[in-house]
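Side chains included, hydrogens not; waters and symmetry mates left out as well; all remaining heavy atoms used.
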Amino acid sequence: MRRSVVIILILAIAAGFASLWVVIEDKILEKTHPLPYYETVEKYSKEYAVPMDVIYAVMNTESSFKSDAVSDKGAIGLMQITPDTFEWLKAKMDDNTDGDSDLLYNPDTNIKYGTYFLSLLYTEFGVWDTVYAAYNAGMSKVREWLGSELYNNNGKIVNIPYPETLSYVDKVSKASLVYRKLYFDEAAR
């Protein structure tokens with residue numbers, strides 16, 4: 001009898017520590033996966049039918065939420081949009097707004113065009129990992145890869161030949177799962 005009580009006590013303590021670890025882990029993840037610009041993200045998520053966890057994952061991976069971020073390749077802002085891509089997206093939207101790429105430093109503008117771009121990519125590719133690859137390496141490169149059996153598995157990109165893009169897809173996918181678990185998946189909470 002005494003041995004059973006000790007075993008039950010040990011199991012209860014272990015369960016308590018496991019529960020505590022889950023709470024601590026979630027608190028740490030909330031610090032590394034915040035929700036800035038929530039109203040803006042929610043607005044464009046609905047407008048362009050892109051899940052909020054995807055938008056947040058891209059922003060977190062691309063810029064760590066720094067609206068003044070500029071990459072080595074000249075991509076600007078929260079979602080790291082190049083001036084050429086910005087002009088192309090404006091043309092796709094029939095947006096005749098005056099203004100140059102400096103508008104991409106504005107969080108609302110950057111999130112709007114970045115989310116619209118994600119929606120266009122999802123319409124074309126239909127698989128989020130493939131969308132992330134196209135966001136990083138470019139649509140034409142991903143189309144080329146998907147044209148090869150070496151990189152295409154039923155429309156999903158595999159064996160990504162660019163290490164940077166492979167790493168990027170992995171980071172965004174993982175960040176999206178964290179965002180979904182923490183904030184956007186009722187079943188997980």
Exercise for the section: Give, for atom NZ of Lys171 and atom CD of Glu62, the distance between the pair rounded to the nearest 0.5 Å. Expected result: 10.0 Å

Practice task
Would you indicate whether the side-chain heavy atoms of Phe117 and Met79 approach each other to under 4.5 Å?
Solution key: no

Practice task
Report whether Phe65 and Val50 are members of the same hydrophobic cluster (ILVMFWY, side-chain heavy atoms less than 4.5 Å apart, transitive linking).
Solution key: yes

Practice task
Take the angle between the ring planes of Tyr151 and Trp145 and call it parallel below 30°, perpendicular above 60°, tilted in between.
Solution key: tilted

Exercise for the section: Classify the ring geometry between Phe184 and Tyr38 as parallel (under 30°), tilted (30 to 60°) or perpendicular (over 60°). Expected result: parallel

Exercise for the section: Say whether Thr85 and Thr82, considering side chains only, have a donor N or O and an acceptor N or O under 3.5 Å apart. Expected result: yes

Handout entry: is_close_aromatic(Tyr116, Tyr44), centroid dist under 6.0 Å
Key = no

Exercise for the section: Apply the test side-chain contact (heavy atoms from CB on, under 4.5 Å) to residues Ile157 and Leu146: give CA-CA distance (whole Å), side-chain angles for both, the deciding distance (0.1 Å), then the verdict. Expected result: CA-CA 6 Å; Ile157 195 159; Leu146 289 173; 4.2 Å; yes

Exercise for the section: Take the angle between the ring planes of Trp128 and Tyr122 and call it parallel below 30°, perpendicular above 60°, tilted in between. Expected result: parallel

Practice task
Compare every heavy atom of Thr109 with every heavy atom of Phe86, then report the nearest pair and how far apart it is.
Solution key: CE1-CG2, 4.1 Å

Practice task
Indicate yes or no: does Glu124 engage Arg143 in a salt bridge with an N to O separation below 4.0 Å.
Solution key: yes

Exercise for the section: Would you kindly confirm whether Leu177 and Val41 end up in one hydrophobic cluster when ILVMFWY residues are joined by side chain heavy atoms under 4.5 Å apart? Expected result: no

Exercise for the section: Give the ring-plane orientation class for His33 versus Tyr179, where under 30° counts as parallel, over 60° as perpendicular and anything between as tilted. Expected result: perpendicular

Problem - In one Ile/Leu/Val/Met/Phe/Trp/Tyr side-chain cluster, 4.5 Å: Val127, Val54 - result: no

Handout entry: Note: Asp53-Arg180 ion pair, threshold 4.0 Å (strictly below)
Key = yes

Handout entry: Carboxylate-amine/guanidinium proximity below 4.0 Å for Asp108 and Lys112
Key = no

